[in-house]
Trainee: 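Take a look at this one; I'll ask things after.
By convention in this document, chain letters (A, B, ...) are assigned in the order of the sequence lines, proteins followed by strands, and residues within each chain are numbered from 1.
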Amino acid sequence: MGSADTTAVVWFRRDLRVRDQPTFLAAKERADRALALFVLDPTLLEPAGPRRTAFLFRCLRALDEDLGGKLLVVKGDPEDVVPRIAQAVGADSVHVAADFGPYGRQRDEAVEKALGSTGDGVELVRSGSPYLTEPGTITKSDGDPYKVFTPFSREWTKRIQDAEPADTDAKTLTWMDPSDKDGGPRAVKVPDDPKVDAELPEAGEQAAHEQWEAFVDEHLTDYDDTRDRPDKPGTSRMSVHLKYGTVHPRTLLAGARGNGKGATSYRNELCFRDFYGHVLWWFPRSARENFDPKFEKIELDTGKAAEQKFRQWQEGRTGFPAIDAAMRQLQGEAWMHNRMRMAVASFLVKDLHLPWWWGAKHFMELLVDGDLASNQHGWQWAAGTGTDAAPYFRVFNPVTQGERFDPQGDYVRRWVPELADVEGKKVHQPWKLPDPPSGYPEPMVDHKAERVEALNRFNAL
DNA sequence: CATTTCTTGAG
DNA sequence: TCAAGAAAT
């Protein structure tokens, strides 16, 4: 085992981003012994169903294969595992490259303290975050956090000018051999995937890069136009790879440079991801509670009838074809087009008057790309309780959203087999057909009436 | 629609 | 610090 002058590097992460982190490479240069990877159970911090667990395991297996079967996976809390890794490697000092994520100052400090107090030559090397800008580092001139996207994005745009592309050429890492251990933490074999009832995307760094290059080649130029079309494959599908760190946003930024409309629009989406990471860092409570506390008093539906409505929404039986198509896409594909995420969220909150966190939890459980910062704040935006300062109430019309963004009705027919024989955009209002298809439900609410109801509840605050 | 956030510039 | 005016993705 190790000698007294041995140094090891431990990569402390919740996900797998390894090769494109400059701080990781810098730390690696200081090590003469071994590198280990351990993965925290992501469900510690974020609700996740079997879909994300299965995807994580697939990411691990892809990485293990890439590294010639020398991946060490250790599960557990950093406070507990880090000292034992030092022991296992036989190192007299360990550099822990820790990524702190968007979970807030308190959690950052707790992790820092726990790792620092392990002593015995454990040194914390603060790594880059999974964002283009470190959560918490963009503030107004008086040091207060931004609560509105646009001024944040102006600051952000200045900040990313000189961001380096990700370094992906780091395949020569030395990995700790799982058999090379002595009373330390036991390497865990990646367990079998839990049973999954959806088709998941290909996992791993290679899959991420192939998908990204195909998107840049085929869709980036027109991204501005096609990103809102759920019937077309015009989005990058990078969310799941960003979530698991098999690609870093720096790589995406490097591919989306220039003044083209598509690239500019794509960078705006990357900015939104950073923005919500910052918002969660500054306001960790906003993952569970209304960002704006005045909404604590808004009237919400509860009880048996509300739960029944919620189930109809979950199962895609609302009677609004675009909404139902989207909810069934979520069930079938573990993913939903972003345009439709906004539409179904608006429907749950404004048409059904249900708590946004019911829908947010459902998303976190079924989305393979479910991410606490983006998901919860996206829902708060839709609910009007979040960082959007506009006072007038945005209520999406579930029919016109469908007609506008799925103009030929292809998306609806793909996911709602009961309507497969209805041609063209008529599919968005099957109740108007002379002979409505049997088996497809009537609209569960009168949108006009519920819109007024939502506005009344809002104005009562 | 009508209200909150942010920037600017004066005190 | 405060008030006015612009903007809100």
Trainee: How long is the line joining CG of Leu461(A) and C1' of dT4(B), in whole Å?
Mentor: 15 Å

Trainee: Figure out the CZ/C1' separation between Phe396(A) and dT9(C), and round it to whole Å.
Mentor: 10 Å

Trainee: Taking distance alone, no hydrogens or angles, what donor-acceptor pairs closer than 3.5 Å link side-chain atoms of residues 422-429 of chain A to residues at least two apart or in another chain?
Mentor:
residue: His428(A); atom: NE2; partner: Gly402(A); partner atom: O; Å: 3.2
residue: His428(A); atom: NE2; partner: Asp406(A); partner atom: O; Å: 2.9
residue: Gln429(A); atom: OE1; partner: Lys432(A); partner atom: NZ; Å: 3.1
residue: Gln429(A); atom: NE2; partner: Glu403(A); partner atom: OE2; Å: 3.0

Trainee: Is any side-chain nitrogen or oxygen of Thr150(A) closer than 4.0 Å to OP1 or OP2 of dT9(C)?
Mentor: yes

Trainee: Are the charged groups of Glu65(A) and Arg58(A) less than 4.0 angstrom apart, N to O?
Mentor: no

Trainee: Is there any protein nitrogen or oxygen under 3.5 Å from a nitrogen or oxygen in nucleotides 6-11 of chain B, and what are the pairs?
Mentor:
residue: dC6(B); atom: OP1; partner: Lys147(A); partner atom: N; Å: 2.5
residue: dC6(B); atom: OP1; partner: Val148(A); partner atom: N; Å: 3.3
residue: dC6(B); atom: OP2; partner: Lys140(A); partner atom: NZ; Å: 2.9
residue: dT7(B); atom: OP1; partner: Tyr146(A); partner atom: OH; Å: 3.1

Trainee: Salt bridge (Lys or Arg N to Asp or Glu O under 4.0 Å): which pairs involve residues 311-325 of chain A, sequence neighbours left out?
Mentor: Glu315(A)-Arg317(A)

Trainee: Tell me, please, which residues at least two apart from Glu450(A) pass side chain to side chain contact (heavy atoms under 4.5 Å, CB included).
Mentor: Asp351(A), His353(A), Val445(A), Glu453(A)

Trainee: Once you round it to whole Å, what is the distance between C1' of dT9(C) and CZ of Phe272(A)?
Mentor: 5 Å

Trainee: What integer distance in Å separates Phe275(A):CZ from dT9(C):P?
Mentor: 8 Å

Trainee: For DNA chain B, what are the stems built from at least three Watson-Crick or G-U pairs in a row, each pair having both distances below 3.5 Å?
Mentor: B:3-10 with C:1-8

Trainee: Mark yes when over 12 heavy atoms from residues, nucleotides or ligands other than Asn459(A) sit less than 6.0 Å from its CG; otherwise mark no.
Mentor: yes

Trainee: Sequence neighbours left out, what passes side-chain hydrogen bond (donor to acceptor under 3.5 Å, both in side chains) with Gln380(A)? Give chain and number order.
Mentor: Thr385(A)

Trainee: Could you label the plane-to-plane angle of the Trp313(A) and Phe310(A) rings as parallel, tilted or perpendicular, counting under 30° as parallel and over 60° as perpendicular?
Mentor: parallel

Trainee: Which heavy atom of Val349(A) sits nearest to which heavy atom of Trp379(A), and what is that distance?
Mentor: CG2-CZ3, 4.3 Å

Trainee: Could you give the CG-to-P distance, from Asn459(A) to dT3(B), as a whole number of Å?
Mentor: 9 Å

Trainee: Could you tell me how far apart Arg339(A) (CZ) and dT9(C) (P) are, to the nearest whole angstrom?
Mentor: 14 Å

